[in-house]
Amino acid sequence: MIPFLIRRLLITLVLMFVISLVSFFIITLTPGSPYPWGELNPKISQAVKENFRKQFHLDQPIYKQYWYNMHGLFTGELTSIKDGRPVLQRIVERLPATISLNVYAIIVSMSFGLLIGVYSARNAGRWPDISLSVLCFALLAIPGFWISYLIIIGLTQTLGVPILGTESYGIDFPTATSRLLDHFWHLALPGTLLALGGIAAQSRYIRGSMIETLREDYIRTARAKGLDETTISYKHALRNSIRPLITGIGSLLPALIGGAVIIESIFAYPGIGRLGYQAVLERDYPTLVALNFITAGLVLLGNLLADVLYAVVDPRVRLE
Amino acid sequence: MFIRWFVFGIPLLIVALIAAALINVTQLSSHKKNEFTISTIGEPTKLNPILSTESAASEVESLVFEGLLEYDENLEVTTRLAKSYTQSQLTTFFFTSVEAAATAKSILETQSSRWTNWTLQSLELTGSELRLHLSQPGFAASNEIADLFDATSMVPISFVRAEPGKEARKSLAAFQKNHPEVHVVREWFDYDAAFELSALGDIAPLLDSFKDAKASLLETKRFLAEPQVHFVLRDDVHWHDGAPLTSADAVFTYQSLISEDIASPRKVDFDLIQKVEAPTPTDFIVTYRKPYSPALTSWMMPLIPKHILADKPLTWWNENFNRHPIGTGPFKFAEWRTNEFLKLERNPDYYQGPPWLDSVVFRILPDPIAQRLAFLSHQVDYWNVDPWAVSSFKDDPEFQVFSSPSKSYSYIGWNLRRPLFQDERVRTAFAHAVNVPAMIRYILYGNGIQSTGIFPPQFWFANPHIQPLAYDPKLAESLLDEAGWKRGPDGIRTKNGQRLTFTLITNQGTEVRKDIATLVQDNLRSIGVEAKVEIYEWSVFISRFIMKQEFDATVLGWTTPPDYDIYQVWHSSQTNPDQLNLVGYKNPEADKLIEQLREEYDHDKIISLANRLQALIYKDQPYLFLFVPNATTVIWKDSFRIRRPTAKGWVDTPVSTTKAGWSVYLQWFYRPEFSDAMPPAAQTVP
């Protein structure tokens, strides 16, 4: 396994370099340029404009800009064009919100996906399975923002409960538990909506793999031994059907980061998705460079993790 | 079987937690704080008035920081941190000899009956220089006085600008050492990259040695006119950390604004300042290089604390002060959670008396639908309503709606560099063909008024007599016929084989502009004009088309402070790429009015000049002026009231709106359920 890991890490490094290069050129070659004060502001003099371009090296050729950005990224000196603060600080302060949202969404999509998948597989072909399948395909097909709006509108119009942000505002919380539950509520809504697609996908994977496993010879043997159906499903079949859940982690990570942009904006949730979206609109190159680099690293790491886990749960897989 | 518990247990646990959390939040509404919550779409960049220009930041800054001056509820200039201010002017004449100066002085002394007219206060003779103290800045009086003197006895003064690019100070000092014969009277540096100076005598050596630095003679005048503003600061103001505010803070604010390292985007407002002085802790005197009357309003610029910021590098500003600002305003900065909210707290030591509210919170809600729902579920107390939603609140007794014309207007700019739009008849025809009243009715749902030119109607210098061009497609058709554009076989007009067609561009993200473009396209088609609509993302739209000035026509809007100086947008010198006279409007008569306005200090003359300018540009129709949209704000009825001090004692009123918006009295807002601890009102308006 060690040589495999070393080889993979080396490949990852090369890949990171290529990604940083390509994404930098995509970012900077996009039409438009960063300009923090509004392009049509008559109160900005030419001297101020030139000074600004010099400060952020925008007057340099593009390969030099790439060097300044990457050098700044690794020394931690890269500062945002928008507010002048170090980009790493800007990203790190968003991490708690994004991580808690994504961890919650992964837990929900895995656990509910598992439950629905197992249930569907055990009732394969009968009406509970068919109706759940329809529901899952619907969840996959319907855009998340649309359901989000419906739920927000429904909840505010009927119950009048607060939903946006990470906590209720203008409130003197009576107890600490109340405050904690309030925080959980503000996490659970966007988190659950973010997880909907994941639930649908995961449950389909589990269902398929479980149905396949239930047809295996060793299951027939177990049945022949006279074991009851519950034991067969959960003890014998499920363990061998769980692999898609693990590969799912690798593919869920990028999907969640991508999907979070919209959900975070709708729910005014202070995560990385919104940071990136704002940075694109403002052409905040330093922030985009850092975000792309870190996200790419996370995705590659997620893939590696999935590969390793795969070998851990399935002894037949050997990593060489 | 553990795994079975796992499969069922976790989903059950999650569902139970969500249910508990839901029950909890429904119980919370009875625990409201004495807080005012405002929703804002964008997040401020830097909470430092020197460095930020966007409205999201200035909204917060207006409660934390204060300037020497401010606009009152009628959008006229009044004092804030300054107790009072006086404007004056020092006019200096240079003579060829001491005798000539003395002669000039005696001429003036014989004319003492005209001194009041000129606002001349006193004279001062130093060698061959004669200094006049005038109480009204401007050129008019000084010009009249100069006419009395013998032209040959006066030494003309030349104004020169050069741009060495770097080390301007050093190279000018070196020049002065080598050329003592060029008598430099005043010098001023634009960062260290350029300088402007006024010099006596022969300036040829100067122009010659700075030839490579684009040295140019700006103008030659008979005298040096230097306006002054003298502010007397209040002596009872303290920064939020307890330190007293003094004129040194005002000086420091000015120095920061013009510092190359800090690179303030607001610098240009302060470029005409020759020097600032602080002779005492409450006196602050600003001297300008030449008369420029709008300069006064630049002192609404909030002051920043010297004792905290001096000697600190910009990175320290960015990481500390700009995230935790310290000002003098009615509210103190408390907390900023990025992309969530900013919280301000009552300043208990505020010199006008502490505000009633415990705190003001700005919630950052980027989604318009979420904003609306946050308001409806009492999560925010105030909301800027989109035009389409106004009517649903207006008739509802549960809400209070404030509507007033915004400080902005929408227009279609015709690129006058294109031959098609150079014909005034064509532009006027288009103006008659576009149905602006219908636009206001269907796009703004009636929440706006037709624009009559460059100034929104609530500004004190706007021209109230301009009649908007009427919707009259017949007249439009006859104007086009007259201009030689005849209908072709496909209904589109042609002239000399050229079809009457152009591209109308606008930016993505503003539904209103897209709708305008569609309506204009339809209106023009009916008079035989083909407009092709193209929509681009903002950044592309600006950098590729607008700033390069490569477009036929564009739907855009201006948001403007109540400032009559529109040099950057309408003067003929500002038509190059990257400058803001986007359509390339050139009219010598307008140029003259714009220049006169900048130098005029008299309130009534400013109104008459601005009125003429507005009428002139409206007649020329370089833009098709569309409408001034209303800004509409809604709050829950009686959720807040205002109790503010007046000469009659405390006066208690409902929240209402003024020309300057509805939030000018935010520091006197209170929630009625928290009114017990407040002093009783002498007068209550229900």
Side-chain angles (χ1 to χ4, degrees), chain A residues 31-33 36-45 47-48 51-52 55 79 82-85 93-94 107-108 111-112 114-115 118 149 152-153 156 159-162 164-166 168-174 178 181-182 184-185 188 230-231 234-235 238-239 265-268 270 274-275 283, chain B residues 1 3-4 7-8 10-11 14 17-18 20-22 24-26 28 31-33 35 37 45-46 53-54 190-191 193-194 260 263 265-269 271 314 318-319 322 337-341 361 363-367 369-370 373-374 376-377 379 537 539-540 542-544 547 568-569 580:
Chain A
S33 60
W37 312 294
E39 293 81 348
L40 299 179
N41 188 341
K43 294 285 181 189
I44 307 293
S45 69
V48 170
N51 203 342
F52 159 76
Q55 255 184 11
T79 53
K82 186 178 181 192
D83 59 9
R85 291 192 305 142
E93 71 186 10
R94 308 296 183 95
I107 291 175
V108 168
S111 56
F112 279 85
L114 194 63
L115 181 69
V118 169
Y149 279 135
I152 295 184
I153 292 170
T156 35
L159 297 175
V161 288
L164 307 169
T166 57
S168 304
Y169 290 97
I171 299 291
D172 251 334
F173 288 102
S178 163
L181 275 174
D182 183 65
F184 179 74
W185 170 250
T230 316
T231 315
Y234 289 102
K235 203 165 175 182
L238 185 56
R239 287 192 178 184
S265 296
I266 296 175
F267 283 90
R274 256 170 81 195
L275 179 71
R283 303 285 194 271
Chain B
M1 266 187 299
I3 197 164
R4 197 173 164 204
V7 171
F8 287 98
I10 292 184
I14 292 171
L17 270 175
I18 293 180
L22 176 59
N24 179 54
V25 287
T26 53
L28 289 178
H31 300 277
K32 276 262 175 220
K33 283 196 266 192
E35 185 170 278
T37 315
T45 53
K46 305 169 182 182
T53 56
E54 78 279 9
D190 196 352
Y191 290 157
E260 186 161 8
R266 294 186 188 264
K267 169 175 173 286
V268 75
D269 284 338
D271 272 351
L314 188 63
N318 281 335
E319 283 165 44
N322 301 350
R337 270 201 243 156
T338 312
N339 256 223
E340 271 197 275
F341 67 84
V361 171
R363 289 198 61 183
I364 298 145
L365 300 172
D367 187 87
I369 298 180
L373 293 166
L376 289 176
S377 60
Q379 284 288 290
E537 188 239 8
S539 201
V540 178
I542 288 295
S543 62
R544 240 206 232 153
M547 295 319 267
Q568 273 85 2
V569 180
L580 291 180

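Order of the sequence lines sets the chain letters (A, B, ...), proteins ahead of strands, with each chain counted from 1.
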**Fill in**
CZ (A/Arg85) and NZ (B/Lys46) are apart, to the nearest 0.5 Å, by 11.0 Å
**Request:** Look up atom CG in A/Leu164 and atom CD in B/Glu340, then write down how far apart they are to the nearest 0.5 Å.
**Result:** 11.0 Å
**Message:** In the structure I gave you, are the side-chain heavy atoms of B/Ser377 and A/Pro162 within less than 4.5 Å of one another anywhere?
**Reply:** no
**Asked** Below 4.5 Å, heavy atoms only, C-beta onward: do B/Arg337 and A/Pro270 meet side chain to side chain?
**Response** no
**Request:** Determine the minimum heavy-atom distance between B/Ile18 and A/Ala188, stating which atoms define it.
**Result:** CG1-CB, 4.0 Å
**Asked** In chain order, what residues pass the side chain to side chain contact (heavy atoms under 4.5 Å, CB included) check against B/Glu54, with sequence neighbours excluded?
**Response** B/Pro44, B/Thr45, B/Ser52, B/Ala56, B/Ala57
**Message:** I'd like to verify something: which residue of A/Val118, A/Leu275, A/Thr166 has the highest number of heavy-atom pairs under 4.5 Å with chain B?
**Reply:** A/Thr166
**Fill in**
Honestly, the part of B/Phe8 sitting under 4.5 Å from a heavy atom of chain A is both
**Request:** Could you tell me which of B/Ile542, B/Val569, B/Asn322, B/Leu365 has the largest number of non-hydrogen atom pairs under 4.5 Å with chain A?
**Result:** B/Ile542
**Contact class of A/Ile266 relative to chain B, heavy atoms under 4.5 angstrom** = both
**Item:** Which atom of B/Ser539 lies closest to which atom of A/Arg283, heavy atoms considered
**Value:** CB-NH2, 3.4 Å
**Item:** Winner by heavy-atom pair count (cut-off under 4.5 Å) against chain B, out of A/Leu159, A/Leu114, A/Leu238, A/Leu115
**Value:** A/Leu115
**Fill in**
Given B/Ile364, B/Asn339, B/Ile369, the one with more heavy-atom pairs under 4.5 angstrom with chain A than any other is B/Asn339
**Message:** Looking at chain A, which one of B/Leu376, B/Thr37, B/Val361, B/Thr338 has the largest number of heavy-atom pairs inside 4.5 Å, strictly under?
**Reply:** B/Thr338
**Prompt:** Where on B/Leu28 is there a heavy atom nearer than 4.5 Å to chain A: the side chain, the backbone, both, or neither?
**Reply:** both
**Asked** Would you call A/Thr79 and B/Asn318 a side-chain contact if the rule is heavy atoms closer than 4.5 Å?
**Response** no
**Heavy-atom closest contact (B/Ala263 atom, A/Gln55 atom, distance)** = CB-NE2, 4.1 Å
**Fill in**
When rounded to the nearest 0.5 Å, the distance separating CG of B/Leu373 from CD1 of A/Ile152 is 6.5 Å
**Prompt:** What distance do B/Thr26 atom OG1 and A/Trp185 atom CH2 have between them, rounded to the nearest 0.5 Å?
**Reply:** 9.0 Å
**Asked** In terms of heavy-atom pairs under 4.5 Å, which option from B/Ile10, B/Leu17, B/Val540, B/Leu314 contacts chain A the most?
**Response** B/Leu17
**Message:** So for B/Ala374, is it side chain, backbone, both, or neither that comes closer than 4.5 Å to the heavy atoms of chain A?
**Reply:** both
**Request:** Flag the one option from B/Glu35, B/Glu260, B/Arg363 with the top tally of heavy-atom pairs under 4.5 Å to chain A.
**Result:** B/Arg363
**Request:** Below 4.5 Å from any heavy atom of chain A, which atoms of B/Glu537 appear? Answer side chain, backbone, both or neither.
**Result:** side chain
**Message:** For B/Pro366 versus A/Ser265, what's the shortest heavy-atom pair and its separation?
**Reply:** CG-O, 3.4 Å
**Item:** Nearest-0.5 Å distance that lies between atom CZ in A/Phe112 and atom CD1 in B/Ile14
**Value:** 5.0 Å
**Asked** A/Phe267 versus chain B, heavy atoms under 4.5 Å apart: side chain, backbone, both or neither?
**Response** neither
